[in-house]
Amino acid sequence: MKDDLAHKERVRFFIHITFIFFVSACANQPAMELIEDKPLPINLTRNQQQSQDDVTVHLAIPTAIQTEVYFNTQLDKFNIQPIWLKIENMSNVDYWLLPYAIDQSYYTADEVAFITSKHLEKHEFEQRRKFLRNNAMPFFQKANSTNEGYIYTTHKRGGRFVDVHLTGHNQATRLRFAVLLPTQRFDYEYSDLRERYSKLDQLPNFTAEEMRTYLRETLPCCTSNDSGSGEGDPINFILIGSGELAVSALSASGWQFTETVTIDSIRRMIGAAIEEKSFPSAPISALYALGRKQDVALQRGRSSINQRNHMRLWLAPFRCEDKPVWLGQISRDIGVKLTTKSKTLTTHIIDSNVDEAREYLLHSLLHSESVEKFSFVKGVGRATQDKPKRNLTDDPYITDGMRMIVWLSSKPIPPHHAKNLGWNASADPTLELINQSKLENLGETSLVKPLLEP
């Protein structure tokens, strides 16, 4: 017990020191520009519609202010986010809407009424419950009918994925929406991506083979610090697809946007660290590639802020067959340590097996049926257990030296239909943790051979 208390006190101490450093750094920075009049040129607004198989779905996610005015209460304070749907079913099929696909933890109308009405008189509660019931989206979508209403979902910030799944007799329709929810707190709202993305048509247009050569021979192996004087984590994956498609695929796979570094976000991050709680949108430090810090950062958090999968994305200085290309770095955070190599004196510790994090991304995209085709190409440089590489904060890592390339799909594609181009073979990341002599004994199978190649 004493050891646990002592450990927590040490954690509180270095987090306090970190906070002082962050506050000082933030105080020396110019005030962040408000960007309400400069939306990203990625068409993922709060109001969207899609059509498929004689079914049209209109979707809208109201702002917190709009929600408060309409429902006469601050639903976001209760972790509730209403999503409005209008479904025009002009087909001859009776469908059932599956709200579970939109949010496995959605709220019923009565549940919302009960949660938000603890201080209301009985007649006021009954009025609110009736209002919420009347505004709920019906599940049954009869052929040649139109319905509209709200699904009361758990609140998300920064962006969310909405999977509208309709099922009927021997037939189903599925429309997938990705929505950006700017709040002037997320890093993508302050990125220079806006200007670069608007000039996509001016970038060189590579063939797949030209891109393969660039990734193998020209793109640096790794990220760097702001001065470009050191090698950081490897640039180990590439996504090909529009900004809308990339956000949709990653959101569908459970990845969340991260907040920008502010005094408020650092305060909440410190509170989460002290309490060992989650912070799904916690800030991610800057790494540099192509002479600039990441354009977008995303993560998949755990129950503790100390553990997470996280990625950084840079818009590439070229297109591939007319499509935008995103260069990425991904690794898995497994803990926190003190270090003098960070301006904040603390940093996350990465899992040394960075290929596992790369594979995790591929698996998450395959599972969400977002992959048209994929392949691997050399370019990072191999690092083994005997001769690991190290990042900017001196964490060792091993890798087979490959970069993963994923062509994203706008339509759901079952994992077994995603095509592997077979440019290079990637290693099984679990086998990378086995020593060389044991690998040689396993023989030159397709899973082992990449680890035995020079």
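The model shown is predicted, which means the values in this text are computed figures rather than measured ones. We count residues from 1, following the sequence as given.
- Using a 4.5 Å heavy-atom threshold, the side chains of Met311 and Phe237 count as touching.
- The distance from atom CG of Leu315 to atom CZ of Arg319, rounded to the nearest 0.5 Å, is 11.0 Å.
- Nearest heavy-atom pair across Ile151 and Tyr106 is CG2-CB, 4.4 Å.
- Contact of the Trp84 side chain with the Ile61 side chain is not registered, since no non-hydrogen atoms from C-beta on lie closer than 4.5 Å.
- Here the straight-line distance linking atom CG of Leu239 with atom CH2 of Trp407 works out to 11.0 Å at 0.5 Å rounding.
- Partners of Glu231 according to the side chain to side chain contact (heavy atoms under 4.5 Å, CB included) rule, which considers only residues two or more places apart in sequence or in another chain, are Cys221, Cys222.
- When the side chain to side chain donor-acceptor pair (under 3.5 Å) test is applied to Trp314, no partner is found at least two apart in sequence or on another chain.
- Legend: residues meeting side chain to side chain contact (heavy atoms under 4.5 Å, CB included) with Thr213, ordered by chain and number and at least two apart, are Arg216, Glu217.
- In this structure His363 satisfies the side chain to side chain contact (heavy atoms under 4.5 Å, CB included) test together with Glu359, sequence neighbours excluded.
- With Thr207 contributing its side chain and Glu210 its backbone, the two residues share a donor-acceptor pair below 3.5 Å.
- We find the CG-CG distance between Leu175 and Leu59 to be 10.5 Å, quoted to the nearest 0.5 Å.
- The pair Glu372-Lys419 does not meet the salt-bridge criterion, since no charged nitrogen lies less than 4.0 angstrom from a carboxylate oxygen.
- In this view, Ser229 and Asn225, Ser227 satisfy the side chain to side chain donor-acceptor pair (under 3.5 Å) rule, not counting sequence neighbours.
- By the salt bridge (Lys or Arg N to Asp or Glu O under 4.0 Å) test, Arg176 is found to be paired with no residue, residues two or more places apart in sequence or in another chain being considered.
- Take Thr399 and apply the side chain to side chain donor-acceptor pair (under 3.5 Å) test, not counting sequence neighbours, and it matches Asp355.
- Minimum interatomic distance between Gly243 and Tyr197 (heavy atoms only, all atoms of both residues): N-OH, 2.7 Å.
- In this structure, Asp322 CG and Ile240 CD1 are separated by 12.0 Å, a value rounded to the nearest 0.5 Å.
- Counting only distance, with no hydrogens or angles, the side chain of Trp96 and the backbone of Gly168 share no donor-acceptor pair below 3.5 Å.
- Nearest heavy-atom pair, Arg403 versus Ile235, reported as atom, atom and distance to 0.1 Å: NE-O, 2.7 Å.
- Taking 4.5 Å as the limit, some side-chain heavy atom of Pro82 sits within range of a side-chain heavy atom of Leu75.
- Closest of all the heavy-atom pairs between Glu369 and Arg174 is OE1-NH1, 3.4 Å.
- Salt-bridge check for Arg358 with Asp400: passed, with a basic side-chain N closer than 4.0 Å to an acidic carboxylate O.
- A heavy-atom distance below 4.5 Å is not found between the side chains of Pro415 and Val371.
- Side-chain N or O atoms of Ser253 include one that pairs as donor or acceptor with a backbone N or O of Ser364 at under 3.5 Å.
- Thr173 and Tyr95 are linked by a side-chain donor-acceptor pair at a separation below 3.5 angstrom, with hydrogens and angles left out of the test.
- In this structure, the side chain of Ser251 does not engage the main chain of Ser248 through any donor-acceptor pair within 3.5 Å.
- Nearest heavy-atom pair across Arg390 and Pro396 is NH1-CD, 3.5 Å.
- Classification of Asp233 and Arg312 as a salt-bridged pair fails, no side-chain N sitting under 4.0 Å from a carboxylate O.
- When the side chain to side chain contact (heavy atoms under 4.5 Å, CB included) test is applied to Asp201, no partner is found at least two apart in sequence or on another chain.
- Under the 3.5 Å distance criterion, the side-chain polar atoms of Gln48 are matched with a main-chain donor or acceptor of Ala178.
- Asn391 CG to Asp395 CG: the interatomic distance, rounded to the nearest 0.5 Å, is 4.5 Å.
- Between Val354 and Ile398, the closest side-chain pair of non-hydrogen atoms is not below 4.5 Å.
- The closest side-chain donor-acceptor pair between Arg160 and Thr153 falls under 3.5 angstrom.
- Contacts of Phe318 classified as ring pair (Phe, Tyr, Trp, His ring centres under 6.0 Å), with partners at least two apart in sequence or in another chain: Phe206, Tyr214.
- Side-chain atoms of Thr154 and Asp103 include a donor-acceptor pair closer than 3.5 Å.
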- [ ] Show your working on side-chain contact (heavy atoms from CB on, under 4.5 Å) between Leu181 and Thr63 and close with a plain yes or no.
- [x] CA-CA 8 Å; Leu181 302 170; Thr63 66; over 6 Å; no

TODO: Evaluate side-chain contact (heavy atoms from CB on, under 4.5 Å) for Val57 paired with Leu85, printing each intermediate quantity in order.
DONE: CA-CA 7 Å; Val57 175; Leu85 296 176; 4.1 Å; yes

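- Smallest separation of non-hydrogen atoms from Ala357 and Arg332: CB-N, 4.0 Å.
- Looking at His310, its side chain never comes within 3.5 Å of a backbone N or O of Leu298 through a donor-acceptor pair.
- With 3.5 Å as the limit, one finds no donor-acceptor pair spanning the side chains of Asp386 and Thr384.
- Note on residues 51-62: pairs passing side-chain hydrogen bond (donor to acceptor under 3.5 Å, both in side chains), not counting sequence neighbours, are Gln49-His58, Ser51-Thr56, His58-Glu88.
- Applying the ring pair (Phe, Tyr, Trp, His ring centres under 6.0 Å) rule to Tyr70 yields the partners Phe131, Tyr150; only residues at least two apart in sequence or on another chain are considered.
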TODO: Would you check, one step at a time, whether the test side-chain contact (heavy atoms from CB on, under 4.5 Å) holds for Leu361 with Trp255?
DONE: CA-CA 10 Å; Leu361 172 59; Trp255 295 88; 3.9 Å; yes

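- A donor-acceptor contact shorter than 3.5 Å links the side chain of Gln81 to the backbone of Lys156.
- Side-chain contact check for Gln329 versus Leu287: some heavy-atom pair is nearer than 4.5 Å.
- To the nearest 0.5 Å, atoms CE (Met211) and SG (Cys320) are separated by 4.0 Å.
- Shown here are the side chain to side chain donor-acceptor pair (under 3.5 Å) partners of Asn424, two or more places apart in sequence or in another chain: there are none.
- When the shell of 6.0 Å around CZ of Phe78 is examined, it contains more than 12 heavy atoms from other residues, nucleotides or ligands.
- Proximity of Trp423 to Ile405: side-chain heavy atoms (C-beta onward) are separated by under 4.5 Å at one or more points.
- Using modelled atom types, one finds no donor on one side chain facing an acceptor on the other under 3.5 Å when comparing Thr45 with Asn47.
- With contacts defined as side-chain heavy-atom distances shorter than 4.5 Å, the pair Val406/Leu362 qualifies.
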Task: side-chain contact (heavy atoms from CB on, under 4.5 Å) between Leu408 and Phe374, worked out - done: CA-CA 9 Å; Leu408 299 170; Phe374 67 97; over 6 Å; no

